[in-house]
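Quantities reported herein were computed from a predicted structural model and do not represent experimental measurements. Chain A is the first sequence line, chain B the second, and so forth, proteins listed ahead of strands; every chain is numbered from 1.
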There are 4 protein chains.
Amino acid sequence: MGAVKSVRAKRMPRAVREQQMMDAAVQTFGQRGYRAASMDEIAELAGVSKPLVYLYLNSKEELFTACIRREAKALTEAVQAAVEPGLSADRQMWAGLEAFFRHTAENPDGWSVLHHQACTHGEPFAAEVAKMREEIAAFVTGLIAAAARQGVPPAAHRDAELAERDVAGLAQALVGAAESLAAWANETGGVSAKESAGLLMNFAWTGLDRLMRGERWSPQ
Amino acid sequence: MGAVKSVRAKRMPRAVREQQMMDAAVQTFGQRGYRAASMDEIAELAGVSKPLVYLYLNSKEELFTACIRREAKALTEAVQAAVEPGLSADRQMWAGLEAFFRHTAENPDGWSVLHHQACTHGEPFAAEVAKMREEIAAFVTGLIAAAARQGVPPAAHRDAELAERDVAGLAQALVGAAESLAAWANETGGVSAKESAGLLMNFAWTGLDRLMRGERWSPQ
Amino acid sequence: MGAVKSVRAKRMPRAVREQQMMDAAVQTFGQRGYRAASMDEIAELAGVSKPLVYLYLNSKEELFTACIRREAKALTEAVQAAVEPGLSADRQMWAGLEAFFRHTAENPDGWSVLHHQACTHGEPFAAEVAKMREEIAAFVTGLIAAAARQGVPPAAHRDAELAERDVAGLAQALVGAAESLAAWANETGGVSAKESAGLLMNFAWTGLDRLMRGERWSPQ
Amino acid sequence: MGAVKSVRAKRMPRAVREQQMMDAAVQTFGQRGYRAASMDEIAELAGVSKPLVYLYLNSKEELFTACIRREAKALTEAVQAAVEPGLSADRQMWAGLEAFFRHTAENPDGWSVLHHQACTHGEPFAAEVAKMREEIAAFVTGLIAAAARQGVPPAAHRDAELAERDVAGLAQALVGAAESLAAWANETGGVSAKESAGLLMNFAWTGLDRLMRGERWSPQ
DNA sequence: CATGAATGAGCTTTCATTCAT
DNA sequence: AATGAATGAAAGCTCATTCAT
């Protein structure tokens, strides 16, 4: 599943060739990591010669950046498409999580590129990767904030108000939990997107819900 | 902070030199990643010549494995030392989380080696890395299970019982949330270990607590 | 004589470049030995960059093996081409020896690769080298055995019969004598292939001849 | 057999230590070849530290030269001790050959150093190695010449006279045959020194004998 | 007498990248 | 539109050799 066909067809329009190359690149980067992936392997998997890869995508760095962008866009769109604005906050979150788990399960290499390779600190596209993570976190932050606004009775507002920084922290925690759960579900196998989403909702939503109502856990 | 002093002192006993090398290696691996880190850089940072690194630590792979082991041991011990067996489940978890956030904040490079480089799939020490993650997850799984046993009134037991797989999933989610939160706290700065631990307890504990009592969230 | 031209001509077809590289490799291996020969030197002598050598011939080991094969094939073919099946046993042997001495005199580096480097015991291609020696010895063994069958009057057969192991030993001795003589002729200079062949025939043939007739030398 | 004991006994007199080192060196050089043998391995096998090897034997090159000299001396002496001046030429040669085969079978590593590693052309001690071969060849040349003088009736002298160069060539051939036979006997196993000597006498002596009597083989 | 500590230099190998066609 | 030919630069690793004790 997801393996790129390497039938070497000649004379394809540029756009198609580019997609083939990026498919091969995502697969290779996802499985090997940025440094360990070689342009040779990518070109061969794409069924083209190396110079063509350079002609179309300029450099390994740019190729990787393009992969990040494409996969991030695909994931974001999948999640956003699933979140219907009219629903209640918890339903929105559930739908988003379910879409997230489904998409990552269906595109493991793409997800690997986003998730695993996101840590390539010293590399020159670190900024690009960081930006993607920010965007996703911001999206979730928005969801949580919206939920907070919506789900809490005005009377409780003052006490319950979550500091902005706390919301950001929660978003990070949620994203991390989802990522980790997705990886685990992928490796373990047999865990459906719905189950993962349910598990995470149970784990986190009740906590979020209470938080928004002003309840707090504290040592002692 | 954490930068290794590179004063080139000659003729040190082997044990000391080995620690210096591993310090340098952790720093370099943590900041660059396994592949991007070069033995030259590590040696220079350690203030020794490359052959000495090989003489003492045999190969890049073994060096990395040794780093993984050292840092994992340090983190595990820090967490375990903080968790007093006599305490209640939530206090235990809070203490563990606080120790975790404190340790990772104090050893960002070591944490990076464990967390970020944990994804080096094709590399030959992947097993080592995976084992570490398993251990940590197993530890957390144990905590959750213990909490479940302890915190739930016998009457509610039957309904509330969490499937083993769910507990494992929850542990993964919790670890992921903690990891992500730790990374965010580190990057953002100004978020103390106590705050992070509190945030995560609020986020997750109440959920766990409810789960153990048999309450469930479900879409509609 | 035999020195490879290092005119750096660009953009040659692969087959040509490969031959150039192998020429350079044979020369270098022959003069320096396997371990002492460096890929740098081979590449420079071939007039190409090192990566190209690796691109075409994969590794030092494979390159050496390829050299062994090429030179062994050339030598074997030269000898076999000279041995006309119709001739008498002694004429066949003389022709073979003459071709052997001529070929080795004309290709001293190739001969060195086969002869001198044949002793690289610990190296991973030792098997390859050993096989070549076996083949040559087997070829000579065949010649001697054929001569024995042909040159001996049936009446003398029973006594004269040479044990199989003795034939093999004789072949080894003959090959060793030829090798040593070839090396000496090469170094000394001024000794033609015909002279060497004649010397060895005088030295060995009469002995073989007598042996086949059942005459034996024994101490006392 | 021949394996050096590596019991690490301290404070030995220099002469003993030197012999231990050379034993280890001969073994290592013999099995690995000059380049592939490492001073580390030799030192370890000798049960001493590397600096001590350097203190006593100065360099790898000198160490190897010392090995060549020691082993060549041992071999030469073994052969010379076996050749009693009073005997007839053929008995002398048989005795010498038998001693040669016996000694090389008993000291395979030493023999390997002399025989196999003798081909290290580019190395700086090539001269040393060459000298040894010259000496051996000269010794044999002497034997053959003596035999020629002694074994031939004065009347036949004029025609039979072997050119000096031919004698040298014959010596080379004989040495090569003996070397090759010795190697084969060693590898094959189960071939005694006496058998080898007999085989070679049968192979070569009759030829030499006839040669000295003026008989010649010639094509046609 | 003996060694643990240390290194400069070199080796094989790989890779991103570019020409010339 | 596409590629076979080619390389500069760097990485992992090893080794003969030397101090300082």
Side-chain angles (χ1 to χ4, degrees), chain A residues 8-14 16-17 35-43 47-56 58-63, chain B residues 8-14 16-18 35-43 47-63, chain C residues 8-14 16-18 35-43 47-63, chain D residues 8-14 17 35-43 47-63:
Chain A
R8 192 176 272 252
K10 305 261 171 178
R11 305 269 149 186
M12 325 252 308
R14 169 157 183 164
V16 178
R17 274 277 191 249
R35 294 288 286 221
S38 86
M39 295 298 270
D40 271 289
E41 192 178 355
I42 292 171
V48 297
S49 72
K50 241 186 322 177
L52 200 59
V53 179
Y54 278 88
L55 186 62
Y56 284 178
N58 304 316
S59 75
K60 191 184 189 183
E61 211 177 295
E62 277 190 42
L63 172 55
Chain B
R8 192 173 272 253
K10 305 263 172 176
R11 304 272 145 186
M12 325 254 308
R14 172 163 180 159
V16 177
R17 273 280 190 251
E18 264 180 356
R35 295 287 286 222
S38 89
M39 294 298 269
D40 273 289
E41 192 179 355
I42 292 171
V48 297
S49 70
K50 225 185 340 174
L52 201 58
V53 180
Y54 279 91
L55 187 62
Y56 287 174
L57 289 123
N58 303 318
S59 73
K60 193 183 187 183
E61 208 177 297
E62 276 191 44
L63 172 56
Chain C
R8 193 174 273 252
K10 304 263 173 178
R11 302 273 143 185
M12 325 254 307
R14 172 164 180 159
V16 177
R17 273 280 191 250
E18 263 180 356
R35 296 286 287 220
S38 89
M39 295 298 269
D40 272 290
E41 192 179 356
I42 292 171
V48 297
S49 70
K50 229 183 336 174
L52 201 58
V53 180
Y54 278 90
L55 187 61
Y56 286 174
L57 288 124
N58 302 320
S59 73
K60 192 182 187 182
E61 210 177 297
E62 276 190 44
L63 173 56
Chain D
R8 192 175 272 255
K10 305 264 171 175
R11 303 272 148 183
M12 325 251 308
R14 169 158 183 163
R17 274 275 192 252
R35 294 288 285 218
S38 86
M39 295 298 270
D40 271 288
E41 193 178 356
I42 292 171
V48 298
S49 71
K50 240 187 323 178
L52 199 59
V53 179
Y54 278 89
L55 185 62
Y56 285 177
L57 290 126
N58 303 316
S59 74
K60 191 184 188 182
E61 209 177 298
E62 278 191 43
L63 172 55

Base versus backbone protein contacts along nucleotides 16-21 of chain F [heavy-atom cut-off under 4.0 Å; B, S, -]: SBBBS-
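- In terms of the side chain to side chain contact (heavy atoms under 4.5 Å, CB included) criterion, residue partners of Glu62(A) (sequence neighbours excluded) are, by chain and number, Asn58(A), Ser59(A).
- In this structure Tyr54(B) satisfies the side chain to side chain contact (heavy atoms under 4.5 Å, CB included) test together with Met39(B), Lys50(B), sequence neighbours excluded.
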Structure string for DNA chain F in dot-bracket form, Watson-Crick and G-U at under 3.5 Å, | interchain: .||||||||||||||||||||
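- Spacing between atom CG of Leu63(B) and atom P of dA11(F) amounts to 16 Å, rounded to whole angstrom units.
- When the side chain to side chain contact (heavy atoms under 4.5 Å, CB included) test is applied to Glu41(A), the partners found at least two apart in sequence or on another chain are Thr28(A), Arg32(A), Ser38(A).
- Looking at every heavy atom in both residues, Ala43(C) comes nearest to Ser49(C) through CB-C, 4.0 Å.
- If you check every strand for non-hydrogen atoms under 4.0 Å, Arg14(B) touches sugar and phosphate atoms only.
- For Leu55(B), the side-chain atoms get nearest to dA6(E) when compared with the rest of dA6(E), dT3(E), dT3(F).
- Rounding to whole angstrom units, CD of residue Glu41(C) and P of dC11(E) are separated by 9 Å.
- Straight-line distance from the CZ atom of Arg17(D) to the C1' atom of dT3(E): 12 Å, rounded to whole Å.
- In this structure, Arg35(A) CZ and Lys60(A) NZ are separated by 7.0 Å, a value rounded to the nearest 0.5 Å.
- In terms of heavy atoms, Leu55(C) sits closest to Arg14(C) at O-NH2, 4.2 Å.
- Along DNA chain F, the nucleotide nearest Tyr56(A) and the nucleotide nearest Tyr56(C) are compared for position; the residue whose nucleotide lies closer to the 5' end is Tyr56(A).
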